[in-house]
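Written below as structure tokens is the structure these notes are about.
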Amino acid sequence: MTTVRTRFAPSPTGFIHLGNIRSALYPWAFARHNHGAFVLRIEDTDLERSTPEAVQVILEGMEWLGLDYDEGPFYQMQRMDRYREVLEQLKAAGHVYPCYMSVEALDALREEQRARGEKPRYDGRWRPEPGKVLPEPPAGVQPVLRFKNPLAGSVVWEDAVKGRIEISNEELDDLVIARPDGTPTYNFCVVVDDIDMDITHVIRGDDHVNNTPRQINIFEALGKQPPIYAHLPTVLNDQGEKMSKRNGAMSVVQYRDEGFLPEAVVNYLARLGWAHGDAEVFSREQFVTWFDLDHLGKSPAQHNPEKLLWMNNQYLKQADNDRLAGLTESFLQKAGVSIEGGPSLAGVVALFKDRANTIKDIAASAEMFYRKPVPSDADVAQHMTDTARAAVKDLGAALAALPEWTKAAISPAFKATLAQHGMKMPQLAMPVRLLVVGTTHTPAIDAVLELLGRDTVLARLGA
Ligand code: GLU
């Protein structure tokens, strides 16, 4: 049995977004499921649009999501000699020919074809055929090299997502596979790479379906068996448009910076175009165990930001507090908040994580534990009544006398003070909150006091 080998082959021409990285997740999962290999290849031949920053986002994004690759990253720009070598093989075997048609002449031809209502295509005028007399090559012109696409028959493949696809060779004109300066073009490089990297399954976006018959013909010209193709339907944004940077898609690493957990994003992406029954929340291991090409969706998947937030909350709830504390601390640092001298951040995180959608939310809530409490005048006016002040004083004394500082001990001290002053819980809890953390919105007051510690609480209550 051949080993499954898949690849992710992004072009670093923009920051990869969720839709793009899903094209890494699925081949990764397929390789892992089959104990095969996953290869990363950076398709950086578009020199004008490729940037090192975009490469960085790819590498960082994959690392963050735990999409480890067994080979690579390979950079196409570093493989030019290899492409030239294979080009020579194709030339020697008579599969390519020089074409001297100028860009202007080609444009004019296309214009005429369109005017006649035909599909614009190269007319094969420089294609050598037995008995055909070719024009005289113009002086001083460097030709492009065109691939001799078969004239008859059709290209057929069984797409693992879309089913059988058949494209007549009549639809395919002779593809330019090398530019006048000899540099190879996109479809050719992809084929050489997929051959050299022994790729068995090409799992990629269906924006490449049109390239596939051309690539298959090149495979065949090189005497190689094409891989199995699985073309994934597009990911739409929440507006129902194709997800793209141009209409506001965030880069993958921005999700990290917004406080999403990588395992939540992986789980979310896994479900964006693939299903295992109605399983929604599942681990990376379960995903790898279950993943196959048979349950890939056939229609476009739509990104749902609300669902992603919900998913993140599912993972925050079960995440280890120390781990979350580490992540939360970096958000606090960015906000200029130091946790030094404050309560245990892991304890604080535990109070907020169930209701938070992101680490950013947790950090925003946690701040109250590490800043000097500065209640608003309006809150003070509303809650710090004379009766409240008197009760706070008595509460302070009761808290000071507690044998131990735990929620379980703090709670009865509250109840006793309330009874003593004939007050309801909020009438005392609100002023206490204002004094100890500066805001009326906090988790349960006994938990807050426990975390802050007795010394801080008594000092802030003025006891
Ligand atoms: N480089 C292509 C892209 O980013 C993918 C090519 C492929 O997967 O074959 O769209």
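Remember, it's 1-based here, ligands and their atoms both numbered in the order they're listed. Just so we're clear, the structure is a prediction, and the values are computed from it rather than from any experiment.
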* May I ask whether Phe8 has any heavy atom positioned less than 4.0 angstrom from an atom of ligand 1? => no

* Given Tyr268, which of Val266, Leu272, Val265 fulfils the side-chain contact (heavy atoms from CB on, under 4.5 Å) condition? -> Leu272

* Under 3.5 Å side-chain donor-acceptor pair for Asn217 and Asn149 -> yes

* Asked: Which residue and non-hydrogen atom of the protein lie closest to atom 1 (N) of ligand 1, and at what distance in Å?
  -> Glu43 OE1, 2.5 Å

* Structure fact -> atom 6 (C) of ligand 1: closest protein heavy atom, distance to 0.1 Å, is Tyr186 OH, 2.8 Å

* Measure the distance from atom 7 (C) of ligand 1 to every protein heavy atom, then report the residue, atom name and distance (to 0.1 Å) of the closest one. => Arg7 NH1, 3.3 Å

* Tyr122 ring centre to Arg146 NZ or CZ under 6.0 Å, with the angle to the axis within 45°? -> yes

* **Thr289 and Arg32: side chain donor to acceptor below 3.5 Å** => no

* Asked: Among all protein non-hydrogen atoms, which one is nearest to atom 4 (O) of ligand 1, and what is the separation to 0.1 Å?
  -> Ser11 N, 3.1 Å

* Protein residue, atom and distance nearest to atom 5 (C) of ligand 1, heavy-atom basis -> Ala9 O, 3.2 Å

* Counting N and O atoms only, with roles assigned by atom type, does the side chain of Ser168 sit under 3.5 Å from a partner on the main chain of Glu170, one being a donor and the other an acceptor? -> yes

* Who's closest to atom 10 (O) of ligand 1 heavy-atom-wise, of Arg204, His208, His231, Arg41? -> His208

